[in-house]
Amino acid sequence: MNLAQALLEKAAREEHLAHLLLFHGGSELHRREEALRIAQILNCFSPKSERPCQNCPACHKISSLNHPDVLWLKPLKTTIGIEQVLAWQEKAYLKHYEGNYKVSIIEQADTLTLPAANALLKVIEEPPEHCVIILSAGNAEGILPTIQSRAQLIYYPDPSEDEWFEELGAINQQEAKLALELSGKNQTLATAIMEQGVFALQEWVRRFFQVVKDKDFLALFSLFPLDKNQVSIYLQVLAVRIQEGIRNGTNQPFELLAIGKANEALRQQVNPRLVIEVLALELFQQGGVLCD
């Protein structure tokens, strides 16, 4: 436990905690575990100095994600939309039921759409009594600046590769190593790659490279269908490969800019198939030849 985490837990025990926390960096699993621990400290039945005891009913309910005063919000596929935030908002303003605090944990908060982020901001500006909101994101820069500026930021360093492999548990180590390579050592992205299927993603990327190299628009149709979550992950992997190519002199910066525009279009709810088609056309027109 680093100093920032120790001070955070001390503030929670003394009930001097900021009402908005932003956990960023590190692994999603680590951030989730710390968010649950803060929720336990705030609602544990034991004396403050002994919290969390991990034995009382409140601690057990929180660890099993079954406590009525601990609310969860996470993306449906690729983003957290305004409908989700409005539904959560109604619950957040209800009085805490059996605990001391109502704790809301918003995972992958950097996927909030702009309308959703603005709806969340209204709650942040006028928070309910005894309410703590914990935002969890791999990258704090993906959070709306007006939200970020109101939050207490807690940074978690990335675990070592050995620790990351241990967190994953019983999985195919070859796939995990390949996912880590494809992600550019980004452990959060590597985890998402494994959820999608490492070899399927690798094959899709290879075929996309070939389509761009051949400037064969009709060949794009063999790359579909794709949902938004897949496209988001594939674009991130393409960006990693292009960055490597720029460093090696085999790619041009405009290719990375094109992928950035595609990512932004996806965040704006543009159809994922259209996002890929427009990206391919732009690379055709500008003479982009992606690294293989």
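Not measured: the values here are computed from a predicted model.
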Checklist line | Heavy-atom neighbours of Q173 CD exceed 12 at 6.0 Å | finding: yes
Item checked: Minimum heavy-atom distance between P75 and E107, given as atom pair plus value -> CD-O, 3.7 Å
Item checked: Aromatic ring pairing F217/F284, orientation class (parallel under 30°, perpendicular over 60°, tilted between) -> perpendicular
Checklist line | Derivation of the salt bridge (Lys or Arg N to Asp or Glu O under 4.0 Å) call for K177 and E161 | finding: CA-CA 9 Å; K177 290 177 181 177; E161 287 189 15; over 6 Å; no
Next item on the list: Could you walk me through whether E98 and K61 pass side chain to side chain contact (heavy atoms under 4.5 Å, CB included), step by step?
Entry: CA-CA 11 Å; E98 63 180 56; K61 285 183 179 181; 2.9 Å; yes
Margin query: Could you go through R150 and E125, starting from their C-alpha distance and side-chain angles, then the distance that decides it, and tell me whether this counts as side chain to side chain contact (heavy atoms under 4.5 Å, CB included)?
Written below: CA-CA 9 Å; R150 289 166 168 78; E125 290 175 336; 3.2 Å; yes
Check: In terms of the angle between their ring planes, are H30 and Y156 parallel, tilted or perpendicular, with boundaries placed at 30° and 60°?
Finding: perpendicular
Note to self: Could you check whether any side-chain heavy atom of D69 comes within less than 4.5 Å of a side-chain heavy atom of N100, counting everything from C-beta outward?
What the structure shows: no
Check: Would L29 and L36 show up in the same hydrophobic cluster when neighbours are defined by side-chain heavy atoms closer than 4.5 Å?
Finding: no
Next item on the list: Kindly confirm or rule out a cation-pi arrangement of R31 over F23, judged by NZ or CZ under 6.0 Å from the six-membered ring centre and within 45° of its axis?
Entry: no
Next item on the list: Drop me the distance from I41's CD1 to E15's CD, to the nearest 0.5 angstrom.
Entry: 11.5 Å
Margin query: Quick check on the hydrophobic clustering: are V85 and I106 connected, directly or via other members, by side-chain heavy-atom contacts under 4.5 Å?
Written below: yes
Note to self: Does the plane of the ring in W204 sit parallel, tilted or perpendicular to the ring in F208? Use 30° and 60° as the thresholds.
What the structure shows: parallel
Next item on the list: Could you state whether I143 and V132 fall into the same hydrophobic cluster, counting links through intermediate Ile, Leu, Val, Met, Phe, Trp or Tyr residues with side-chain heavy atoms under 4.5 angstrom apart?
Entry: no
Check: Can you tell me how far the CG atom of L20 sits from the CD1 atom of I124, to the nearest 0.5 Å?
Finding: 4.5 Å
Next item on the list: Under the side chain to side chain contact (heavy atoms under 4.5 Å, CB included) rule, what do Q202 and R206 come out as? Steps first, then yes or no, please.
Entry: CA-CA 6 Å; Q202 189 178 40; R206 184 194 68 77; 6.0 Å; no
Margin query: Applying side chain to side chain contact (heavy atoms under 4.5 Å, CB included) to L153 and Q148, what does each step give before you reach the verdict?
Written below: CA-CA 8 Å; L153 274 65; Q148 191 180 146; 4.2 Å; yes
Notebook entry, point to check: From I259 CD1 over to L283 CG, what is the distance, rounded to the nearest 0.5 angstrom?
Noted result: 7.0 Å
Notebook entry, point to check: Does L144 reach the side chain of N118, with side-chain heavy atoms less than 4.5 Å apart?
Noted result: yes
Margin query: Does any part of the side chain of L65, heavy atoms only, come nearer than 4.5 Å to the side chain of V70, both counted from C-beta?
Written below: no
Note to self: Let me confirm one number: the CG-CG distance from L256 to L238, rounded to the nearest 0.5 Å.
What the structure shows: 10.5 Å
Checklist line | ILVMFWY network linking I80 to V231, side-chain heavy atoms under 4.5 angstrom | finding: no
Next item on the list: Identify the two heavy atoms, one from R51 and one from L42, that lie closest to each other, and give their separation to 0.1 Å.
Entry: NH1-O, 4.0 Å
Notebook entry, point to check: Should L17 and L22 be counted in the same cluster of Ile, Leu, Val, Met, Phe, Trp and Tyr side chains packed under 4.5 Å apart?
Noted result: no
Item checked: Greater than 12 external heavy atoms within 6.0 Å of E14's CD -> yes
Check: Any side-chain heavy atom of P52 within less than 4.5 Å of one from R37?
Finding: yes
Checklist line | F199 atom CZ: more than 12 heavy-atom contacts under 6.0 Å | finding: yes
Item checked: Non-hydrogen atoms of Y97 and P68 that approach each other most closely -> CD2-CG, 3.7 Å
